[in-house]
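Worksheet: the structure to be examined is printed underneath.
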Amino acid sequence: MVEQVTKGIKISVETSFEGSFYKNYKIQYAFGYKITIENQSKDSVQLQSRHWEIMDALNNEEIVDGEGVIGKKPVLKPGESHTYTSGCLLTSPFGAMQGYYSMVNFTTTEKFNVDIPLFKLSATFAVN
């Protein structure tokens, strides 16, 4: 598990290899990840959007920006957390992801970014 705290918001990430398959005559490696966003601050916050940088071992990089996470913009009161699962496809058995969530603090109305730490994606058959 990878964890990081930014401005009182703790991000925890667990990953899994889901398998491989062929799509358009190219092999794809499927990875899952489970993220927990925990509000350790004294203020209520809301997740507004996400920014991902997805890299594979073949030096391919994909940037993904979007509203919320899996269709939701969770509001987290102090001490609350939100957990969701998602996934990505890579063209190699190794890769990594990192990014940030754009949040708003309801007390101060400040908008701020919460770092999503770099986490590695590894197919189980390819790991020593």
Side-chain angles (χ1 to χ4, degrees):
M1 179 183 299
V2 176
E3 299 178 332
Q4 184 168 335
V5 178
T6 306
K7 295 192 174 189
I9 309 301
K10 180 179 178 182
I11 305 298
S12 304
V13 184
E14 296 178 55
T15 64
S16 60
F17 174 63
E18 302 297 326
S20 59
F21 63 94
Y22 283 92
K23 179 180 177 184
N24 298 331
Y25 304 103
K26 292 182 182 179
I27 193 162
Q28 301 284 302
Y29 299 91
F31 295 92
Y33 54 88
K34 180 171 107 174
I35 296 187
T36 300
I37 305 163
E38 182 183 348
N39 185 356
Q40 298 180 337
S41 76
K42 61 180 176 32
D43 299 323
S44 292
V45 298
Q46 182 178 30
L47 188 151
Q48 300 284 304
S49 62
R50 68 190 183 286
H51 172 84
W52 284 112
E53 298 166 13
I54 305 166
M55 300 144 285
D56 71 14
L58 302 174
N59 287 327
N60 296 317
E61 183 177 26
E62 182 180 1
I63 303 295
V64 177
D65 292 298
E67 293 286 314
V69 290
I70 60 167
K72 298 179 181 174
K73 293 182 178 180
V75 174
L76 301 173
K77 295 177 183 171
E80 290 185 338
S81 64
H82 177 78
T83 299
Y84 73 96
T85 57
S86 190
C88 71
L89 297 175
L90 298 181
T91 55
S92 70
F94 297 103
M97 292 176 64
Q98 67 182 1
Y100 60 84
Y101 297 121
S102 295
M103 313 275 285
V104 64
N105 180 314
F106 282 162
T107 303
T108 65
T109 68
E110 171 196 12
K111 292 183 179 184
F112 63 101
N113 290 337
V114 173
D115 293 328
I116 304 166
L118 178 75
F119 57 94
K120 295 180 180 177
L121 304 166
S122 301
T124 49
F125 68 84
V127 179
N128 283 339

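All residue numbers refer to positions in the sequence shown, counting from 1. In this text the structure is predicted, and so the values were computed from the model without any measurement.
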Which pairs count as side-chain hydrogen bond (donor to acceptor under 3.5 Å, both in side chains) when at least one residue sits in residues 51-63, sequence neighbours excluded?
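As it turns out, the side-chain hydrogen bond (donor to acceptor under 3.5 Å, both in side chains) pairs with a partner in residues 51-63, which skip direct neighbours, are His51-Glu53, His51-Asp65, Glu53-Gln98, Asp56-Asn60, Asp56-Thr91, Asn60-Thr91.
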Quick one: side-chain hydrogen bond (donor to acceptor under 3.5 Å, both in side chains) partners of Ser41, sequence neighbours excluded?
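Result, side-chain hydrogen bond (donor to acceptor under 3.5 Å, both in side chains) vs Ser41: Asn39.
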Just jot down the side chain to side chain contact (heavy atoms under 4.5 Å, CB included) partners of Thr109, sequence neighbours excluded, or say none.
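Testing Thr109 for side chain to side chain contact (heavy atoms under 4.5 Å, CB included), a comparison that skips the adjacent residues, returns none.
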Could you work out, with side chain to side chain contact (heavy atoms under 4.5 Å, CB included) as the rule, every residue matching Ser49, not counting sequence neighbours?
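Result, side chain to side chain contact (heavy atoms under 4.5 Å, CB included) vs Ser49: Ser102.
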Applying ring pair (Phe, Tyr, Trp, His ring centres under 6.0 Å), can you list everything that pairs with Phe31, at least two apart in sequence or on another chain?
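Ring pair (Phe, Tyr, Trp, His ring centres under 6.0 Å) check on Phe31 returns Phe17.
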With salt bridge (Lys or Arg N to Asp or Glu O under 4.0 Å) as the rule and sequence neighbours excluded, what pairs involving residues 11-33 come up?
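Residue pairs passing salt bridge (Lys or Arg N to Asp or Glu O under 4.0 Å), neighbours aside: Glu14-Lys34.
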Pairs in or reaching into residues 92-114: which pass salt bridge (Lys or Arg N to Asp or Glu O under 4.0 Å), with residues at least two apart or in two chains?
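Passing the test, one end in residues 92-114: Lys7-Glu110.
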Do any side-chain atoms of residues 81-89 form donor-acceptor pairs under 3.5 angstrom with protein atoms, and if so which ones, sequence neighbours left out?
residue : atom : partner : partner atom : Å
Thr83   : OG1  : Thr36   : OG1          : 2.9
Tyr84   : OH   : Tyr101  : OH           : 2.5

Can you list, by chain and residue number, the hydrophobic cluster partners of [X] when the side-chain cut-off is 4.5 Å?
X      : answer
Met55  : Leu118
Phe106 : Val75, Val104
Met1   : none

Joint hydrophobic cluster, Tyr33 plus Tyr29, side-chain heavy atoms closer than 4.5 Å
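Yes, because Tyr33 and Tyr29 connect within a single hydrophobic cluster, where side-chain heavy atoms sit under 4.5 Å apart.
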Output all residues satisfying salt bridge (charged side-chain N to carboxylate O under 4.0 Å, His left out) with Glu67, sequence neighbours left out; order by chain, then residue number.
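Per chain and number, Glu67 pairs via salt bridge (charged side-chain N to carboxylate O under 4.0 Å, His left out) with Lys73.
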Measure the OG1-CD1 distance between Thr6 and Ile9 for me, rounded to the nearest 0.5 Å.
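Output value for this atom pair is 9.0 Å.
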